[in-house]
Amino acid sequence: MIIAETDRLVLRHFNDQDTHAIYLLNSIPEILTYIPGEPMSSISQAEQILNEVILPSYEELGYCRWAVEHKADKRVIGFCGPKFVTEFNEVELGYRYLPEYWGKGIGFEAGSKALEAFPQFGIDEAIALILLGNKGSEALARKVGMIERGRDSYMGHKVTVFHKQLTT
């Protein structure tokens, strides 16, 4: 299911053909510098995340992280989209991209489009939970219009919480 498109990107549901992309986004150390948890070590872990987290969330809530497909390359280069965070009882805008696409405006392009789509899923506001020191993600959150709300902890790590009201 396609959620949104830009000139360069398609935001869509993940599917069974995306397990390798999910694996890459969760196994490359450079990407995981500011992500809690251990890197994936097998493709079966990506299959498990797809089948036990992402697809059930699409069914239950109507949303979860969306694959970001680069039109020119015809490949999934990251994810961007909503995830309900039980510990905060709020929906988070999360994003992650392959390093070769960093610094090209992809994060802003996908993040802006994703936030525009949130209200279609009954999401009136969004947060971003960003580990302390992750200046790139903080800059992106600000660029898509999020405002720093304060500090908290998440998964045993200190985070800066950003917030954006999407509907009035």
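- Both Phe118 and Leu9 belong to a single network of hydrophobic side chains, linked directly or stepwise wherever heavy atoms of I, L, V, M, F, W or Y lie under 4.5 Å apart.
- Within a 6.0 Å radius of NE2 in His157, more than 12 heavy atoms belonging to other residues, nucleotides or ligands are found.
- With hydrogens and angles disregarded, no donor-acceptor distance shorter than 3.5 Å links the side chain of Lys83 to the backbone of Gly94.
- Across all their heavy atoms, Gly107 and Leu140 have their closest contact at C-CD1, 3.5 Å.
- In this structure, Leu132 is not a member of the same hydrophobic cluster as Met146, with clusters built from ILVMFWY side-chain heavy atoms closer than 4.5 Å.
- For Asn15 (side chain) and Gln17 (main-chain N/O), a donor-acceptor pair under 3.5 Å exists by modelled atom type.
- In this structure, the side chain of Gln165 engages the main chain of Thr167 through a donor-acceptor pair within 3.5 Å.
- Listed by first and then second residue, the salt bridge (charged side-chain N to carboxylate O under 4.0 Å, His left out) pairs involving residues 107-118 are Arg8-Glu109, Lys113-Glu116 (not counting sequence neighbours).
- Across every non-hydrogen atom of Lys74 and Glu69, the tightest pair is C-CG, 4.5 Å.
- Counting heavy atoms of neighbouring residues, nucleotides and ligands inside a 6.0 Å radius, atom CD of Glu59 does not exceed 12 of them.
- Residues Val10 and Leu98 fall into different hydrophobic clusters, defined by Ile, Leu, Val, Met, Phe, Trp and Tyr side chains chained together at heavy-atom separations under 4.5 Å.
- Note that the CZ atom of Phe79 and the CG atom of Leu11 stand 12.0 Å from one another [nearest 0.5 Å].
- Applying the under-4.5 Å side-chain rule to Ile, Leu, Val, Met, Phe, Trp and Tyr, the cluster around Ile127 extends to Tyr34, Val85, Phe88, Leu129, Leu131, Tyr154, Met155, Val159, Val161.
- To the nearest 0.5 Å, atoms CZ (Phe84) and SG (Cys64) are separated by 12.5 Å.
- For residues 14-43, the salt bridge (charged side-chain N to carboxylate O under 4.0 Å, His left out) pairs, not counting sequence neighbours, are Arg12-Asp18.
- Taking CD of Gln48 as the start and CG of Leu50 as the end, the distance is 11.0 Å to the nearest 0.5 Å.
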For this session: Given side-chain contact (heavy atoms from CB on, under 4.5 Å), test Val68 with Tyr101 step by step and report yes or no.
Result: CA-CA 11 Å; Val68 176; Tyr101 295 90; over 6 Å; no
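- In this structure, Ser153 contributes its side chain and Gly156 its backbone to no donor-acceptor pair below 3.5 Å.
- No side-chain donor-acceptor contact under 3.5 Å links Asn134 to the backbone of Ile130.
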Exercise. Between Ile106 and Ile77, does a side-chain contact (heavy atoms from CB on, under 4.5 Å) hold up when you go through it step by step?
Worked result: CA-CA 10 Å; Ile106 298 285; Ile77 61 165; 3.9 Å; yes
Problem set entry | Trace of the side-chain contact (heavy atoms from CB on, under 4.5 Å) decision for Glu148 with Glu138 | CA-CA 9 Å; Glu148 188 173 330; Glu138 287 182 358; 5.8 Å; no
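- Of all the heavy atoms in Gly81 and Ala114, the pair that sits closest is CA-CB, 4.5 Å.
- The environment of Lys71 atom NZ is dense: over 12 non-hydrogen atoms of other residues, nucleotides or ligands sit within 6.0 angstrom.
- Although no hydrogens or angles enter the test, the distance criterion places a donor-acceptor pair under 3.5 Å between the side chain of Tyr58 and the main chain of Phe14.
- Using a 4.0 Å cut-off between a side-chain N of Lys or Arg and a carboxylate O of Asp or Glu, Arg75 and Glu100 qualify as a salt bridge.
- Within the 3.5 Å criterion, the main-chain N or O of Ile3 finds no donor-acceptor partner in the side chain of Trp66.
- The shortest heavy-atom contact between Arg96 and Asn26 is NH1-OD1, 2.6 Å.
- Residue Ala46 comes nearest to Thr19 through the heavy atom pair CB-O, 3.4 Å, listed as atom of the first residue, atom of the second, then distance.
- A continuous path of hydrophobic side-chain contacts links Leu25 to Ile43 [ILVMFWY only; heavy atoms under 4.5 Å].
- Atom CD1 of Ile147 has 12 or fewer neighbouring heavy atoms from other residues, nucleotides or ligands inside a 6.0 Å radius.
- Under a 3.5 Å cut-off, the side chain of Arg149 and the backbone N or O of Phe162 do not form any donor-acceptor pair.
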Exercise. Going through the checks in order, is the side-chain contact (heavy atoms from CB on, under 4.5 Å) test met by Lys164 and Leu115?
Worked result: CA-CA 9 Å; Lys164 183 172 185 176; Leu115 287 171; 4.1 Å; yes
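- One N or O on the side chain of Gln45 and one on the backbone of Ser42 form a donor-acceptor pair closer than 3.5 Å.
- In terms of modelled atom types and a separation under 3.5 Å, the side chain of Tyr95 and the main chain of Ser137 share a donor-acceptor contact.
- Contact record, Gly111 with Leu93: O-CD2, 4.5 Å, taken as the closest heavy-atom pair.
- In the hydrophobic cluster analysis, where Ile, Leu, Val, Met, Phe, Trp and Tyr join through side-chain heavy atoms closer than 4.5 angstrom, Met1 is grouped together with Ile22.
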